Undergrad: 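The structure under discussion is supplied below as structure tokens; questions concerning it will follow.
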There are 2 protein chains.
Amino acid sequence: MPQTHLRSATRYGNRPTMKDVAARAGVGLKTVSRVVNGEPGVTPETERRVQEAIDALGFRRNDSARVLRKGRTASIGLVLEDLADPFYGPLSRSVEEVARAHGALLINGSSAEDPEREQELVLALCARRVDGLVVIPAGDDHRYLEPELKAGVATVFVDRPAGHIDADVVLSDNFGGARDGVAHLIAHGHRRIGFIGDMPRIHTAAERLRGYRAAMEDAGIPVADSWMSLGVTDPERVRRAAGEMLSGPDPVTAVFAGNNRVTVTVIRVLAEQTRRVALVGFDDIELADLLQPGVTVVAQDAAEIGRTAADRLFRQLDGILVTPERIELPTRLITRGSGEIPPAD
Amino acid sequence: MPQTHLRSATRYGNRPTMKDVAARAGVGLKTVSRVVNGEPGVTPETERRVQEAIDALGFRRNDSARVLRKGRTASIGLVLEDLADPFYGPLSRSVEEVARAHGALLINGSSAEDPEREQELVLALCARRVDGLVVIPAGDDHRYLEPELKAGVATVFVDRPAGHIDADVVLSDNFGGARDGVAHLIAHGHRRIGFIGDMPRIHTAAERLRGYRAAMEDAGIPVADSWMSLGVTDPERVRRAAGEMLSGPDPVTAVFAGNNRVTVTVIRVLAEQTRRVALVGFDDIELADLLQPGVTVVAQDAAEIGRTAADRLFRQLDGILVTPERIELPTRLITRGSGEIPPAD
DNA sequence: TAGAGCCTGGACAACGTTGTCAGGCTCGGG
DNA sequence: CCCGAGCCTGACAACGTTGTCCAGGCTCTA
């Protein structure tokens, strides 16, 4: 019995509880609770005594117990691909900002594009009873979330729709953006245009590829297989892919890069070329305007996407929304030079 | 009484509890707990029945209750300045990676360089009983953390030391890095070198300024006041500051930029100059090698800093460390061209 | 076949907080 | 002087889980 007491006392390294504060202030437990939560009905004198005890003991309310009692954690989870990616930093920050406005904290997790890890993270967040989830999906089957949705966990998907479940999704107009970007190249006289992008099993990559194809078809240009390189993002392979489409029997005069990582590598490759090759990239990159030439991109607004998703999440939590929706945000073509280079052949 | 039951049932939107699972499986509550936690002492047959009930009900353990009971949350907090800053993304990611290896989740918070907000965030994290804290300080007085430290919250400061308390800190060798960077300019013949940095009340800024002064003094070069611009980071003011030191009566032939944001703006200003001015920046920036000329920088390894800090945090949690230490990580001078431009005067 | 020992399962308290409710006090009016 | 209204205060249960402890049934051996 004394042992039990000892253990409980060292539990959080001797953290005082409301009971301790109450004892020291000579009041009841509930009175302490009232003071801590700013509830009315406490005499100034009593409040002063309690506050004194709180300061003296360094008391800090235990939110775990509070959550258990109240059922709301005032925290939301954000599962994304990789926080180190410059696209996700601002996105995460804007989600945090909205959460903060609603008094909630943000728990971040990186899935590293691994579906299993995504599920693991999401379920861990659910076990902590986050009030809501913003998920940038890595996998394409999210039925494992059904019990959670039924239990009332607000959920918004971002960047790619959820697989096999009906949920809100906020994303950029990947198709339209890519189509416009490629059309821009065509408008500048290009016909042999290369495409380097991620695996089509990734929704954004598939949509952008579709946009590329649509633009080419609209212009009546048949696409050669050698112009497309899919499932390629690591620098080494992008380098090889770009090299091939630039030197083949039917060399391209322009390249459309499917995402920011690809764009960066393509810039490097093009810098080594003697021939001038046009480039439009999907996603903006920092300092793109300072390069020679400036890099023309199809930009998405990561912060705006995050804000929109988080807004929707909290509206779900307020019980305002019921029907899952798909929200597509427009992209913006930013011309800086690289996309306006005329074909050299 | 029936009302109470109704409320409890709708608490988390009808989330099943171990009690519900136990009832459905026809076993005791504790048996469910054992199955969920993989504890021994359950027949395969019983386990099967329990597992079935769990799946049927979509049960997910409530970690809030678990935490309350066990005293460990398996989560750590990271308070930084701004997750959208390219320096902090990789840092956060590497902290997350270490946390993950220890089975912990990461809660992120951005202080926006506001001391009050920092404190608010840190205390909110403490109320949630995070096991540990990694803090990039915004304020310079952290005595408010004393009760927490005493209560056993592991804490590591990053980038700047804690104020008025004794705690671990992991940072770059800001002084040495800046001194080396400036010495590099001096070695290339410069004598009139400008310095643009943040307010000296920020530790890193002060250290870098000290490094600048040390390098100049080592070379026996007296520093003119008009060469130094402190407390300047927003583009507009950097622009003005740079303009002044480039056009004054005693114009500089080289600039040392105190952080990544300053560097970017200075690059823009220099690009507009006819005269060629040398530049070395503190912090690496993306694509720095693709610019004309490439940007010479003093680089810190954000990921390594995060990893080191998180490692130390968990070592504290394992009870291995006792004495707070200051760990300084080396910086690396990366020459790319802009720092090797000879003085033009 | 009886007893010892092991294995499985369940009852119960506790973690720290908050919602409910009732008791006691003060104050003013009749 | 008494009574009711209104304000403070505190006792108590409950949130969902896990640690402790004990009971009952089984196996194995003598």
Side-chain angles (χ1 to χ4, degrees), chain A residues 1-23 25-47 49-50 54 57 59-74 127-129 151, chain B residues 1 3-23 25-50 54 57 59-74 127-129 151:
Chain A
M1 202 58 74
Q3 200 194 357
T4 303
H5 181 263
L6 185 66
R7 289 188 61 263
S8 98
T10 50
R11 189 40 98 43
Y12 292 108
N14 265 324
R15 243 173 197 298
T17 71
M18 286 191 178
K19 200 165 137 194
D20 302 325
V21 175
V27 300
L29 180 53
K30 181 67 216 216
T31 301
V32 176
S33 170
R34 274 192 270 261
V35 171
V36 169
N37 294 294
E39 285 170 34
V42 181
T43 6
E45 161 59 13
T46 309
E47 173 163 1
R49 280 221 315 287
V50 171
I54 288 178
L57 295 175
F59 167 81
R60 206 85 70 199
R61 180 179 62 197
N62 184 333
D63 274 353
S64 296
R66 176 167 223 249
V67 159
L68 181 59
R69 194 59 238 259
K70 308 201 74 154
R72 280 274 167 119
T73 56
R128 269 154 216 255
R129 297 293 186 269
Chain B
M1 203 58 73
Q3 201 195 357
T4 303
H5 181 263
L6 185 65
R7 287 189 61 263
S8 98
T10 50
R11 189 38 99 42
Y12 292 110
N14 265 324
R15 238 165 202 299
T17 71
M18 287 192 177
K19 200 165 138 195
D20 301 325
V21 175
V27 301
L29 179 55
K30 182 66 216 221
T31 301
V32 176
S33 171
R34 274 193 270 262
V35 171
V36 170
N37 294 294
E39 287 170 32
V42 181
T43 8
E45 162 58 13
T46 307
E47 173 164 0
R48 196 191 51 72
R49 280 221 315 285
V50 171
I54 289 179
L57 296 174
F59 167 81
R60 205 86 69 197
R61 180 178 63 197
N62 185 331
D63 274 352
S64 296
R66 177 168 222 249
V67 159
L68 181 59
R69 194 59 238 257
K70 308 201 74 153
R72 280 275 166 117
T73 56
R128 268 153 216 257
R129 297 292 186 269

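Residue numbers begin at 1 in each chain, while the letters A, B, ... track the order of the sequences. The model shown is predicted, which means the values in this text are computed figures rather than measured ones. Only this structure's heavy atoms are used, side chains among them; waters, hydrogens and symmetry mates stay out.
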Undergrad: For dT9(D), does either OP1 or OP2 sit under 4.0 Å from a side-chain N or O belonging to Thr31(A)?
TA: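 For Thr31(A), the contact criterion (side-chain N or O under 4.0 Å from OP1 or OP2 of dT9(D)) is not met.
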Undergrad: Round to a whole Å and report the spacing from NZ of Lys19(A) to C1' of dG10(D).
TA: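 So the NZ-C1' distance, Lys19(A) to dG10(D), works out to 15 Å.
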Undergrad: When the axes are fitted on five pairs at both termini, how much does the helix from dT1(C)-dA30(D) to dG30(C)-dC1(D) curve, in 10° steps?
TA: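 Angle reported: 60°, given to the nearest ten degrees.
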Undergrad: For a quick check of understanding: with a heavy-atom distance under 4.0 Å over all strands, which category does Val27(B) fall into, base, sugar-phosphate or nothing?
TA: sugar-phosphate
Undergrad: How many Å lie between CZ on Arg66(A) and C1' on dT17(D), as a whole number?
TA: 20 Å
Undergrad: If I take atom CZ in residue Arg48(B) and atom C1' in nucleotide dG9(C), what distance separates them, rounded to the nearest angstrom?
TA: 17 Å
Undergrad: Please state whether the phosphate of dT9(D), meaning OP1 or OP2, lies under 4.0 angstrom from any side-chain nitrogen or oxygen of Thr43(A).
TA: yes
Undergrad: For Arg61(A) and dT17(C), what is the distance between atoms CZ and C1' respectively, to the nearest whole Å?
TA: 9 Å
Undergrad: Ignoring backbone atoms, establish whether Asn62(A) has a side-chain N or O less than 4.0 Å from OP1 or OP2 of dC15(C).
TA: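 Result: no.
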Undergrad: Between Glu39(B) (CD) and dT17(D) (P), how many Å, whole number?
TA: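 Spelled out: CD on Glu39(B) to P on dT17(D) is 14 Å.
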Undergrad: Would you please name every residue forming a side-chain contact (heavy atoms from CB on, under 4.5 Å) with Arg34(A), sequence neighbours left out?
TA: Lys30(A), Thr31(A), Glu39(A), Val42(A)
Undergrad: Given 3.5 Å as the limit, does a donor-acceptor pair link the side chain of Arg49(A) with the main chain of Ala25(A), or not?
TA: yes
Undergrad: Taking only residues two or more places apart in sequence, or in another chain, which ones meet Arg128(A) in a side-chain hydrogen bond (donor to acceptor under 3.5 Å, both in side chains)?
TA: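 Testing Arg128(A) for side-chain hydrogen bond (donor to acceptor under 3.5 Å, both in side chains), a comparison that skips the adjacent residues, returns none.
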Undergrad: Using only side-chain N and O atoms of Lys30(B), determine if any of them is under 4.0 Å from OP1 or OP2 of dT17(D).
TA: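 Checking dT17(D) against Lys30(B), no side-chain N or O comes under 4.0 Å of OP1 or OP2.
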Undergrad: Counting only side-chain nitrogens and oxygens, does Thr17(B) get under 4.0 Å of the OP1 or OP2 atom of dC15(D)?
TA: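 No, Thr17(B) has no side-chain N/O under 4.0 Å of OP1/OP2 on dC15(D).
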Undergrad: Can you check the Asp20(A) CG to dG16(C) C1' distance for me, whole Å?
TA: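 So the CG-C1' distance, Asp20(A) to dG16(C), works out to 10 Å.
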Undergrad: If you compare every side-chain N and O of Lys70(A) against the phosphate oxygens of dG19(C) (OP1, OP2), does one of them come in below 4.0 Å?
TA: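 Yes, within the criterion.
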Undergrad: Please give, in whole Å, the distance from dC8(D) C1' to Arg49(A) CZ?
TA: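 It works out to 12 Å between those atoms.
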Undergrad: Taking atom C1' of dT17(D) as reference, at what distance in whole Å does atom CZ of Arg128(A) sit?
TA: 15 Å
Undergrad: Would you mind classifying the nucleic acid contact of Asp63(B) as base, sugar-phosphate or nothing, using non-hydrogen atoms under 4.0 angstrom?
TA: nothing
Undergrad: Distance check: side-chain N/O of Ser33(B) vs OP1/OP2 of dT17(D), anything under 4.0 Å?
TA: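 No, Ser33(B) has no side-chain N/O under 4.0 Å of OP1/OP2 on dT17(D).
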Undergrad: Give a yes/no answer on whether the side chain of Arg129(A) brings an N or O atom under 4.0 Å of OP1 or OP2 in dG16(D).
TA: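 No, because none of the side-chain N or O atoms of Arg129(A) sits under 4.0 Å from OP1 or OP2 of dG16(D).
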Undergrad: At less than 4.0 Å, is any side-chain N or O atom of Arg34(A) found next to OP1 or OP2 of dG19(C)? Yes or no.
TA: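 No, no such contact exists.
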Undergrad: Under 4.0 Å between any heavy atoms, over every strand shown, what does Val42(B) touch: base, sugar-phosphate, or nothing? Just pick one.
TA: sugar-phosphate
